[in-house]
Number of protein chains: 2
Amino acid sequence: MFDKFLKHISEYILLTEEEITFAKNHFPIKSYTKNEVFFHEGNIAKRIYFVIEGCVRLFYSVDGDEKTAYFYTEGKFFCANESLAKNTPARENFQALENTTVMLFPKTPDEALFKKFPNFEVLERLALVDELITSNRIIESFVSKSPEERYIELIKTNKALFQRVHQQYIASYLGISPQSLSRIRKRLSQSSN
Amino acid sequence: MFDKFLKHISEYILLTEEEITFAKNHFPIKSYTKNEVFFHEGNIAKRIYFVIEGCVRLFYSVDGDEKTAYFYTEGKFFCANESLAKNTPARENFQALENTTVMLFPKTPDEALFKKFPNFEVLERLALVDELITSNRIIESFVSKSPEERYIELIKTNKALFQRVHQQYIASYLGISPQSLSRIRKRLSQSSN
DNA sequence: AATGGTTATTAACTTAAGTTAATAGAAGTG
DNA sequence: CACTTCTATTAACTTAAGTTAATAACCATT
């Protein structure tokens, strides 16, 4: 499993032998079972997660409803950012949608660690920027596209997601009800025939 | 104007005398006139902006329409993040909605600068995290609230914005048409009387 | 293979947003 | 101050999403 981690992390940065050894000895690997909600709102985030294998859903609870904000798959970092930064209770919930294995990175900024292994600081910054870019794209999509257009965009950019994730979650991620997504799909399948 | 910068920046971090002097000598201050679009899509971002005074609108051009994604006011950092990180043409446009003064921070990560003045690195990370938290809140709002609820939320969290920004831009920021925002306002004013 | 439980689809109806256009109101300019 | 221009509101109509409920399709378990 650690080898898979190395493979994914090489997409971000080339770690030194020392850094790899340190990660192996100090960054825990954890596994969650399908559908397990392993981080609950109200808790204070202490760690940054990295998906080695599987798929994680970020959702908010609103009036007993779950509203999906994002999906994280292999090679992605995630955490309850605001909670981590401000030491406040998180509003986020994280759920494994498949049997999922993650690596836990230390809470940042960890200046002592960064001084010893500067690549971890670079890595963390890359992860932050990556997440920010993704978030900005989602916002762009919400302000500039209709639900139908967002659905079409998602198929284009991440068709694989539909093979892994329930449609109700995708509907929520698009900001609409499952019924509306069903209608959109019907509309599109009819207009293309 | 530099004093105003120091006042705002103190909300983030305490800079050393050396860092303050360096900023004064190396980080340019620029002013834009009301309505000026000072950064256009298609350009490649080279700088991080910091608002010293005024208000900046981030918008995307879609089929000749302008879609507002965010407003930046005093004390906020902004830039075309993806363009800056990947050296690709930006999709963002930035427009001063008032006469606006900004400070230009160097493109990051600037490892040489960070080594000499570590606080700039910390500052940049704080700015990134701040922007990410804001983005995540906006996404939470889009997936979990109706336009009307987003409008009510915005009044609660940032009423001052309504004194500074045209309603059409706020409508776009909420993901709806100006006419819809007008209707929402009417609905709410009637139901509260 | 049969069962029970979950997920997706469909339908009928309600509500609200999009669109086009006209009007009223506010702000900026000479 | 008058004029022009831009912005916000209103109206009428269209389109699509929300909602509730029923049904169909799919999965998991035994």
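These values consider heavy atoms only, across backbone and side chains, with no hydrogens, waters or symmetry-generated copies. Numbered from 1 within each chain, the chains take letters A, B, ... in sequence-line order.
Residue Q179(A) contributes atom CD, which lies 13 Å from atom C1' of dT23(D) at whole-angstrom precision. Atom pair E98(B):CD and dG28(C):P shows a separation of 12 Å (rounding to whole Å applied). One interatomic measurement links the two molecules: NZ of K186(B) to C1' of dT15(C), which rounds to 17 Å at whole-angstrom precision. Summarising the geometry, the separation between CD on E66(A) and P on dT6(C) is reported as 13 Å, rounded to the nearest angstrom. Rounded to whole Å, the distance from NZ on K145(B) to P on dA17(C) is 16 Å. Atoms CD1 (I184(B)) and P (dT15(C)) sit 16 Å apart, rounded to a whole Å. Distance H166(A) NE2 to dC27(D) C1': 9 Å, rounded to the nearest Å. Atom CG in L181(B) sits about 14 Å away from atom C1' in dA16(C), given to the nearest Å.
E148(B) meets the side chain to side chain contact (heavy atoms under 4.5 Å, CB included) test with S146(B), I152(B), I184(B), R187(B), L188(B); sequence neighbours excluded.
Using a cut-off of 4.0 Å between Lys/Arg side-chain N and Asp/Glu carboxylate O, E36(A) and K30(A) are scored as not salt-bridged. Salt bridge E121(B)/R125(A): present, at least one basic N to carboxylate O contact under 4.0 Å.
Both R183(B) and K34(B) sit near DNA chain C, but only R183(B) has its closest nucleotide nearer the 5' end.
Side-chain atoms of N81(B) do not come within 3.5 Å of backbone N or O of I133(A) as any donor-acceptor pair. Side-chain atoms of T73(B) do not come within 3.5 Å of backbone N or O of C55(B) as any donor-acceptor pair.
Nearest nucleotide to the side chain of R187(A), out of dT9(D), dA17(D), dA16(C): dA17(D). Taking every side-chain heavy atom of S182(A) into account, dT10(C) is the closest of dA28(D), dG18(C), dT10(C). Closest to the side chain of Q167(A), from the set dA8(D), dG18(D), dA8(C), is dA8(C).
Residues L132(A) and S135(B) approach most closely at CD1-OG, 3.8 Å, considering heavy atoms.
The phosphate of dT9(C) (OP1 or OP2) has a side-chain N or O of R185(A) nearer than 4.0 angstrom. Dashed line: the shortest gap from a side-chain N or O of S180(B) to OP1 or OP2 of dG18(C) is under 4.0 Å. For dT7(C), one of the phosphate oxygens OP1 or OP2 lies less than 4.0 angstrom from a side-chain nitrogen or oxygen of Q168(A).
If you check residues 170-178 of chain A against DNA chain D, the residues with a heavy atom closer than 4.0 Å are G175(A), I176(A), S177(A), listed by number.
Within a 6.0 Å radius of NZ in K107(A), other residues, nucleotides and ligands contribute more than 12 heavy atoms.
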